[in-house]
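Labels below follow one simple rule: chain letters A, B, ... track the order of the sequence lines, proteins then strands, and each chain is numbered from 1. Everything numeric here is computed off the predicted structure, so don't read it as measured data.
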Number of protein chains: 2
Amino acid sequence: MTEERKISMNVIRRLPRYYRYLGELLQKGVTKISSRELSEKMNVTASQIRQDLNNFGGFGQQGYGYNVEYLHTEIGKILGLHQNYKMIIVGVGNLGQAIANSTSFSKRGFKLIGLFDVNPRLIGMSIHGVEVQDIDKMEQFVKENEVEIAILTMPKTRVKETAESLAKWGIKGLWNFSPVDLFVPDTVQVENVHLSHSLMTLAYKINEAEVEREKKDKSESIGQIEE
Amino acid sequence: MTEERKISMNVIRRLPRYYRYLGELLQKGVTKISSRELSEKMNVTASQIRQDLNNFGGFGQQGYGYNVEYLHTEIGKILGLHQNYKMIIVGVGNLGQAIANSTSFSKRGFKLIGLFDVNPRLIGMSIHGVEVQDIDKMEQFVKENEVEIAILTMPKTRVKETAESLAKWGIKGLWNFSPVDLFVPDTVQVENVHLSHSLMTLAYKINEAEVEREKKDKSESIGQIEE
DNA sequence: TAGATTGTTAATCGATTAACAATC
DNA sequence: TAGATTGTTAATCGATTAACAATC
């Protein structure tokens, strides 16, 4: 009956950026913005902004533009930021600690309620009032507290089995920082942060730019113009 | 004269994943693999693998497949992993320390040679033999050592000006962890890691899956089948 | 009302998949 | 040689951009 319209991940991954820019405008006291103005700030096309937004309904007003606060709120709702998420961190090494210490996530409704590790030297330590527990306690904790998101910042050797256990215990999302691809039941959503991939991509860009520059220099010195 | 073929970022961003899988195969002692076998392991189409690789030339052999070691090396070269990169970290907070402590990058030729911060309590501290210096020393250091990559793990308030300075001092790439978009000259390549975007995307996926499940339950309970 | 800007359709462009001839 | 699998062209699919009628 209702139109089935699967929204592409390309669109979804642009939403947080819109959300961020709108939040900044809001803080500056800007109340309205047109797709053209926003497109210039964000270095995208106005058409894309309008297309993206209209996947979710009409948030603007012809002849006027978009109300910044309203649009910001609505995008937040689409992303699911109107609700809270209970999170745990599995693996309290440097990266786990870094995330635990960040306050910006909790502001957006992502609440850190548990920390787990195997290392006895870390167990008992507290970060922002959350104590590191032995990983043996994780099953009970996840079930009792209905934890939604697990942040995987542990050595990659144990990630696969941990992810499988967490899936069994009812976790909804895994934020995976290990260089591993997780194949879990579709009751569990996975979002990967592959830092090494990102760094390799930067290396590519650097080399590519170098090659382009050399090519340009060469054609200029020869006096050729290639399109 | 030579064919101009700009390779899309979609393709590039898949290369590190191929590289990782090939590395794992190599470690397992696998010497050859076909695009079909690899596609099954990686959950992509064989066609895509062959198309991706053939952007850079033919690495395989008809009737045989691909030599794992050779393909691994070649993808490494495409990504620019055959050379070393001198890196510094700007902002030695939790995240900066986490990256500094990670040994996996240096194995791939990304060498951390400098750490900078404004915090006097951090200055003088050492991580893996690299001492944290006052940020005042950064200009001289970058120029003298011909630093290629700066890792920006500092508060977002100072990122913009820092990026501009680094660009002026000849940096080639910025690995930006701040929730900020950097607009720098095209002599500098930027790769962003927006952790908050990633987490919001996970929130979306979780909600989306929830909605899908409810929809399915409903149509099943009513006995309707919708395609 | 006239001007502005959305929402939306149509056109273009690019990316992915399918198919198959080339060839090892 | 026969079988397998690549490299590559063609077909399909999806995403982006352009255009413009609807409308505030």
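Counting to the nearest Å, the P atom of C/dG7 and the OH atom of A/Tyr64 are 13 Å from each other. Rounded to an integer number of Å, the gap from B/Ile7 CD1 to C/dG14 C1' is 15 Å. The NZ-P distance, from A/Lys6 to D/dC13, rounds to 18 Å in whole Å. Straight-line distance from the CZ atom of B/Arg36 to the P atom of D/dT6: 9 Å, rounded to whole Å. Rounded to whole Å, atom C1' of D/dA15 lies 7 Å from atom CG of A/Asn10. We find that CG of B/Asn55 is positioned 10 Å from P of C/dT16, with the value rounded to whole Å. Atoms CG (B/Leu71) and P (D/dT5) sit 16 Å apart, rounded to a whole Å. Counting to the nearest Å, the C1' atom of D/dT16 and the CE atom of B/Met9 are 19 Å from each other.
No side-chain N or O of A/Gln48 forms a donor-acceptor pair with one of A/Thr45 less than 3.5 Å apart. Donor-acceptor pairing under 3.5 Å is lacking for the side chains of B/His194 and A/Arg17. A/Ser104 and A/Ser102 are linked by a side-chain donor-acceptor pair at a separation below 3.5 angstrom, with hydrogens and angles left out of the test.
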Donor-acceptor contacts under 3.5 Å from residues 56-70 of chain B side chains, at least two apart:
| from | atom 1 | to | atom 2 | distance (Å) |
| --- | --- | --- | --- | --- |
| B/Asn67 | OD1 | B/Glu69 | N | 3.0 |
| B/Asn67 | OD1 | B/Tyr70 | N | 2.8 |

Could you give the side-chain donor-acceptor pairs of residues 186-193 of chain A under 3.5 Å, partners two or more places apart or in another chain?
| from | atom 1 | to | atom 2 | distance (Å) |
| --- | --- | --- | --- | --- |
| A/Gln189 | NE2 | A/Asp186 | O | 3.3 |
| A/Glu191 | OE1 | A/Arg13 | NH2 | 3.0 |
| A/Glu191 | OE1 | B/Lys205 | NZ | 2.7 |
| A/Glu191 | OE2 | A/Arg13 | NH1 | 3.0 |
| A/Glu191 | OE2 | B/Ser198 | OG | 3.0 |
| A/Asn192 | OD1 | A/Asn176 | ND2 | 2.8 |

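Counting heavy atoms from C-beta on, the side chains of B/Ile75 and B/Leu79 come closer than 4.5 Å. The shortest distance between side-chain heavy atoms of A/Ile33 and A/Lys41 falls below 4.5 Å.
In this model, the phosphate group of D/dG7 is approached by a side-chain N or O of B/Tyr66 to a distance below 4.0 Å at OP1 or OP2. Within the 4.0 Å cut-off from OP1 or OP2 of C/dG7, at least one side-chain nitrogen or oxygen of A/Asn54 is found. At the phosphate of D/dT5, neither OP1 nor OP2 sits under 4.0 Å from any side-chain N or O atom of B/Ser35. Residue A/Arg14 places at least one side-chain N or O under 4.0 Å from the OP1 or OP2 atom of D/dT16.
Contacts of A/Arg108 classified as salt bridge (Lys or Arg N to Asp or Glu O under 4.0 Å), with partners at least two apart in sequence or in another chain: none.
Side-chain N or O atoms of B/Glu148 include one that pairs as donor or acceptor with a backbone N or O of B/Lys86 at under 3.5 Å.
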Dot-bracket encoding per residue of DNA chain D, Watson-Crick/G-U cut-off under 3.5 Å, | denoting interstrand: ..||||||||||||||||||||||

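Residues from residues 17-33 of chain B that place a heavy atom under 4.0 Å from any atom of DNA chain D, listed by number: B/Lys32. A heavy-atom distance below 4.0 Å to DNA chain C is reached by these residues of residues 37-53 of chain B, ordered by number: B/Thr45, B/Ser47, B/Gln48, B/Arg50, B/Gln51.
In this structure, B/Phe177 and B/Trp175 have perpendicular ring planes: the angle between them is above 60°, well past the 30° mark.
Nearest-nucleotide positions on DNA chain D place B/Gly63 closer to the 5' end than the other of B/Gly63 and A/Gly63.
Using a cutoff of 4.0 Å between basic side-chain nitrogens and carboxylate oxygens, B/Glu24 and B/Lys28 are not scored as salt-bridged.
Listed candidates were C/dG7, C/dA22, C/dT5. Nearest to the side chain of B/Gln62 is C/dA22.
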Stepwise salt bridge (Lys or Arg N to Asp or Glu O under 4.0 Å) check, B/Glu164 with B/Lys160: CA-CA 6 Å; B/Glu164 281 160 12; B/Lys160 199 165 164 283; 3.6 Å; yes

